[in-house]
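Written out below as structure tokens is the structure these notes cover.
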Amino acid sequence: MSSVPDGKKLIRSPSGLRMVPENGAFSSPFSLDEPQWVPDKECPRCMQCDTKFDFIKRKHHCRRCGRCFCDKCCSKKVPLQRMCFVDPVRQCAECSLVSQKEMEFYDKQLKVLLGGGTFVVTLGTSEKSETMTCRLSNNHRYLFLDGESHFEVELSRISSMQILTDGTSPGGGSRASGMLLHYKPMGSQDVQQLRMEAADDKKVASLWLSAMHKEIKWQRSIRDSLSF
């Protein structure tokens with residue numbers, strides 16, 4: 001086990017190398033724990049095609065679900081960023097499809113959010129606005145806003161979000177031009193309003209807002225799935 005910059009460490013698990021936060025409490029809300037593998041003695045046959053395992057037909061465990069399959073049913077190696085794997089890992093057909101769909105979010109949306117955008121920010125009902133750079137924190141938990149001042153919004157405390165649009169996109173359609181958030185600041189149960197409107201680079205801001213909308217929806221879907 002070795003420490004690396006940015007508060008992460010490289011560990012080796014039975015499934016492969018993983019780059020994980022040094023403090024598990026600061027892991028991304030999208031992270032998944034490695035599953036418990038189905039014990040070898042409990043899977044004499046492939047859990048997909050029912051092929052019997054022997055000295056020739058070897059068994060393999062899907063790194064995402066932990067179930068047991070033959071090589072044919074678990075041959076794909078796909079990136080699994082939600083478990084922080086460094087390299088693509090073996091997954092069954094069902095899990096690999098899910099992981100491939102998630103790759104677009106990690107490769108496109110998160111990169112846009114981490115890069116940030118510039119907005120005119122108004123807090124509450126104040127008449128004073130400030131131009132700030134808004135970006136997602138590296139652990140995907142907070143919205144950082146930096147200008148002359150600095151403050152943070154925890155995404156899990158956002159109660160509602162409305163995308164503001166204008167009609168200036170090519171073809172006459174609407175383009176995201178801002179966002180209206182309602183959230184509860186840390187240590188408070190009072191709802192605060194935050195209004196963000198695109199500043200100079202409206203194209204970058206629009207891309208950032210679209211990615212932010214998808215981010216919030218995904219985090220909510222994850223929280224909802226864990227509530228059952």
Side-chain angles (χ1 to χ4, degrees), residues 1-39 60-69 74 76-117 134-145 152-159 161 181 183-186 207-228:
M1 186 181 297
S2 61
S3 294
V4 295
D6 299 326
K8 294 184 178 181
K9 57 188 177 183
L10 188 65
I11 64 171
R12 182 181 294 278
S13 76
S15 299
L17 289 174
R18 300 172 66 219
M19 191 74 75
V20 300
E22 289 187 319
N23 186 338
F26 295 102
S27 63
S28 166
F30 302 134
S31 295
L32 292 174
D33 293 330
E34 287 188 80
Q36 290 288 328
W37 283 10
V38 175
H60 302 277
H61 286 85
C62 173
R63 271 48 175 177
R64 185 172 182 126
C65 68
R67 294 186 297 163
C68 203
F69 302 92
C74 196
K76 292 186 177 181
K77 290 190 175 182
V78 181
L80 184 48
Q81 297 188 52
R82 290 188 70 183
M83 287 185 194
C84 304
F85 282 108
V86 174
D87 300 309
V89 291
R90 189 184 292 269
Q91 298 179 55
C92 66
E94 182 178 349
C95 286
S96 66
L97 287 175
V98 175
S99 296
Q100 286 171 345
K101 289 181 181 179
E102 292 173 349
M103 282 170 57
E104 180 182 359
F105 180 81
Y106 275 90
D107 291 343
K108 295 182 181 179
Q109 318 301 348
L110 280 181
K111 285 182 180 179
V112 170
L113 292 171
L114 293 170
C134 306
R135 68 176 181 86
L136 187 68
S137 65
N138 289 335
N139 64 9
H140 314 149
R141 290 179 175 272
Y142 298 91
L143 182 61
F144 289 163
L145 298 103
E152 305 169 3
V153 176
E154 187 174 1
L155 267 62
S156 64
R157 298 180 67 84
I158 294 175
S159 56
M161 175 181 63
L181 294 177
Y183 71 101
K184 294 180 181 179
M186 289 295 294
L207 290 173
W208 192 92
L209 290 165
S210 177
M212 188 66 183
H213 186 234
K214 293 176 182 178
E215 164 98 356
I216 296 292
K217 287 177 65 177
W218 195 16
Q219 288 208 19
R220 283 179 176 170
S221 68
I222 292 172
R223 289 200 299 270
D224 291 344
S225 66
L226 294 176
S227 65
F228 290 99

Could you check if a side-chain atom of [X] sits within less than 4.5 angstrom of a side-chain atom of [Y], using non-hydrogen atoms only?
{"X": "Val20", "Y": "Lys9", "answer": "yes"}
{"X": "Gln81", "Y": "Asp107", "answer": "yes"}
{"X": "Cys62", "Y": "Cys74", "answer": "yes"}
{"X": "Leu114", "Y": "Lys111", "answer": "no"}
{"X": "Arg82", "Y": "Ser31", "answer": "no"}
{"X": "Leu136", "Y": "Tyr142", "answer": "no"}
{"X": "Leu155", "Y": "Met212", "answer": "yes"}
{"X": "Lys76", "Y": "Gln91", "answer": "no"}

Matching residue for Arg64 among Val78, Leu32, Val89 - test: side chain to side chain contact (heavy atoms under 4.5 Å, CB included): Leu32
Side chain to side chain contact (heavy atoms under 4.5 Å, CB included) evaluation trace for Ile158 with Leu143: CA-CA 10 Å; Ile158 294 175; Leu143 182 61; 5.6 Å; no
For the [atom1] atom of [X] and the [atom2] atom of [Y], what is their distance to the nearest 0.5 Å?
{"X": "Arg63", "Y": "Glu34", "atom1": "CZ", "atom2": "CD", "result": "9.0 Å"}
{"X": "Leu80", "Y": "Asp87", "atom1": "CG", "atom2": "CG", "result": "12.0 Å"}
{"X": "Cys134", "Y": "Leu113", "atom1": "SG", "atom2": "CG", "result": "11.0 Å"}
{"X": "Cys84", "Y": "Leu17", "atom1": "SG", "atom2": "CG", "result": "12.5 Å"}
{"X": "Cys95", "Y": "Phe69", "atom1": "SG", "atom2": "CZ", "result": "7.0 Å"}
{"X": "Phe105", "Y": "Phe30", "atom1": "CZ", "atom2": "CZ", "result": "4.0 Å"}

Okay, side chain of [X], backbone of [Y]: is any donor-acceptor separation there less than 3.5 Å?
{"X": "Arg18", "Y": "Met83", "answer": "yes"}
{"X": "Arg157", "Y": "Pro185", "answer": "yes"}
{"X": "Ser96", "Y": "Ala93", "answer": "yes"}

Atom of Phe85, atom of Ser13 and distance for their closest heavy-atom approach: CE2-OG, 4.2 Å
Nearest atoms (heavy-atom pairs only) where Leu10 meets Met19: CD1-CE, 3.9 Å
Aromatic ring pairing His61/Trp37, orientation class (parallel under 30°, perpendicular over 60°, tilted between): parallel
Enclosure of Glu94 CD (heavy-atom neighbours >12, cutoff 6.0 Å): no
